[in-house]
There are 2 protein chains.
Amino acid sequence: MAYETALAVLADPTRRQVFERLRSGPCPVHAIAEGLPVSRPAVSQHLKVLKDAGLVEERSEGARRIYSLRREGLAELRDWLDSFWDDALLAFKIEADRTYRHAKGRGDGDDE
Amino acid sequence: MAYETALAVLADPTRRQVFERLRSGPCPVHAIAEGLPVSRPAVSQHLKVLKDAGLVEERSEGARRIYSLRREGLAELRDWLDSFWDDALLAFKIEADRTYRHAKGRGDGDDE
DNA sequence: CCGTCTCGTAAGCCATCACTTACCGTAAGC
DNA sequence: GCTTACGGTAAGTGATGGCTTACGAGACGG
């Protein structure tokens, strides 16, 4: 359910740079913006999207907003990816000739 | 290198549906399009992008093009995701009070 | 040989979205 | 108090890209 969001959010190169910037630890907005080729408001917008997707979390420290990574936000995406390995392994052998059984008189080895 | 591509390619909902449709086994284009709310040419375009990203592979069978999944295409994305877990685990402890050593007694309960 | 089914490609349209500048609230420093 | 640093938000713009219809090319059956 959230893996789709994570996918969409991390698809943007700049936003991914913001995200990866936080790998080295919590960081205020202006510090993130300094290392990037975009303006600070742009970074703010990206951080909002990332926070909304549960990929980062924000904490106020005086006038500063400290952003940090939330690895939990990646969990569902990781699970989704994992599901391809076992799922494919299984469904492959089972569905191999079921999916297509009609109109397949040719009888060649279709799958691997 | 390719994980960025996979990320961008799988970010689109329709394209992801095309991709997931192939989980159950190899499939010709028209069969994929039938189960989707978009036209067949749209599916063709998505398949082109997916193939270009190494996420599916195509095989000609007469007039039909049979598309099938390439789980290998997901490997780099998976690795990238994995890298967050160990990387964060490590850098976190080290940088924890270095980056922002200013009096940060309160942890957010990350790990020990 | 011709009609049909297969599918990819071209051209065009339209929505999404990332980025910009401008502005406003808030917290610390003088 | 005023000024400066920090950062979120609004409005407007430009480009990316996903979708459509129309067309062309190849394979098969009559």
Side-chain angles (χ1 to χ4, degrees), chain A residues 4-22 25-68 99-100 102-108 110, chain B residues 4-22 25-53 55-68 99-100 102-104:
Chain A
E4 305 136 6
T5 307
L7 223 34
V9 164
L10 293 175
D12 183 73
T14 305
R15 194 181 298 136
R16 198 167 48 237
Q17 283 182 36
V18 171
F19 187 64
E20 295 215 41
R21 173 67 172 80
L22 294 175
C27 209
V29 179
H30 71 92
I32 302 176
E34 270 179 16
L36 296 179
V38 296
S39 67
R40 184 196 49 77
V43 174
S44 264
Q45 291 163 6
H46 283 306
L47 284 168
K48 181 186 180 65
V49 175
L50 285 166
K51 192 179 79 171
D52 207 59
L55 291 173
V56 303
E57 60 186 355
E58 177 232 336
R59 183 167 52 92
S60 287
E61 184 172 304
R64 281 185 284 275
R65 255 78 163 196
I66 309 298
Y67 284 90
S68 52
T99 313
Y100 252 359
H102 63 275
K104 199 52 146 345
R106 319 205 42 199
D108 52 357
D110 51 339
Chain B
E4 305 135 5
T5 306
L7 223 33
V9 165
L10 293 174
D12 183 72
T14 305
R15 195 181 298 135
R16 199 168 47 236
Q17 283 182 35
V18 172
F19 187 64
E20 295 217 40
R21 174 66 173 82
L22 295 175
C27 210
V29 179
H30 70 91
I32 302 176
E34 269 179 16
L36 295 180
V38 296
S39 67
R40 185 197 46 77
V43 174
S44 264
Q45 289 165 5
H46 283 305
L47 284 167
K48 181 186 179 66
V49 175
L50 285 165
K51 192 179 80 171
D52 208 59
L55 291 173
V56 303
E57 59 186 354
E58 177 233 334
R59 183 168 51 92
S60 287
E61 182 173 308
R64 283 185 284 277
R65 255 76 160 196
I66 309 298
Y67 284 89
S68 52
T99 314
Y100 249 20
H102 272 43
K104 196 69 98 22

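Just so you know, these numbers come straight off a predicted model, no measurement behind them. Chain identifiers are assigned alphabetically (A, B, ...) following the order of the sequence lines, protein sequences preceding nucleic acid strands; residue numbering begins at 1 within each chain.
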* To do: Just compare C/dG8, C/dA27, D/dG8 and give me whichever is closest to any side-chain atom of A/Ala63.
  => C/dA27

* To do: Please report, rounded to the nearest Å, how far the C1' atom of C/dT9 is from the CD atom of B/Glu58.
  => 14 Å

* Is there a side-chain contact between A/His46 and A/Ile32 (heavy atoms, below 4.5 Å)? -> no

* Send over the distance from A/His30 NE2 to C/dA27 P, rounded to a whole Å. => 17 Å

* Distance in angstrom units between A/Lys48 NZ and D/dG8 P, rounded -> 9 Å

* To do: Applying side-chain contact (heavy atoms from CB on, under 4.5 Å), run through B/Gln17 and B/Val38 and close with a yes or a no.
  => CA-CA 11 Å; B/Gln17 283 182 35; B/Val38 296; over 6 Å; no

* A/Glu61/A/Arg59 ion pair, N-O < 4.0 Å -> yes

* State, yes or no, whether a side-chain contact exists between B/Arg16 and A/Leu7 at a heavy-atom distance under 4.5 Å. => yes

* B/Ile66 side, atom CD1; B/Leu22 side, atom CG - distance, nearest 0.5 Å -> 10.5 Å

* To do: Would you kindly give the CZ-to-P distance between A/Arg64 and D/dT4, to the nearest whole Å?
  => 18 Å

* Asked: Got a donor-acceptor contact below 3.5 angstrom from the A/Arg15 side chain to the A/Val9 backbone?
  -> yes

* Asked: Checking side-chain contact (heavy atoms from CB on, under 4.5 Å) for the pair A/Leu55/A/Leu10: CA distance, chi angles, key distance, verdict?
  -> CA-CA 9 Å; A/Leu55 291 173; A/Leu10 293 175; 4.0 Å; yes

* So which nucleotide does C/dC30 pair with, by the Watson-Crick or G-U wobble rule with both distances under 3.5 Å? -> D/dG1

* To do: Look at the side chain of A/Val29 and decide which nucleotide, out of C/dT6, D/dG7, D/dT20, has an atom nearest to it.
  => D/dG7

Strictly under 3.5 Å: I want the nitrogen or oxygen pairs between protein and nucleotides 17-19 of chain C, one per line.
residue, atom, partner, partner atom, Å
C/dA18, OP1, A/Arg15, NH2, 3.1
C/dA18, OP2, A/Arg15, NH2, 2.5
C/dA18, O5', A/Arg15, NH2, 3.4
C/dC19, OP1, A/Thr14, OG1, 2.7
C/dC19, OP2, A/His46, NE2, 2.2

* Quickly work out the B/Arg16 CZ to D/dG18 P distance and round it to whole Å. => 12 Å

* Quickly work out the B/Arg40 CZ to C/dT9 P distance and round it to whole Å. => 11 Å

* Would you say D/dC6 has OP1 or OP2 under 4.0 Å from some side-chain N or O of A/Tyr67? -> no

* Structure fact -> To the nearest angstrom, the CD-P distance between A/Glu34 and D/dG7 comes to 10 Å

* Structure fact -> Per nearest nucleotide of DNA chain C, the residue lying toward the 5' end, A/Arg65 or A/Gly62, is A/Arg65

* Take atom CG of A/Leu47 and atom P of D/dG8, then tell me their distance rounded to the nearest Å. => 7 Å

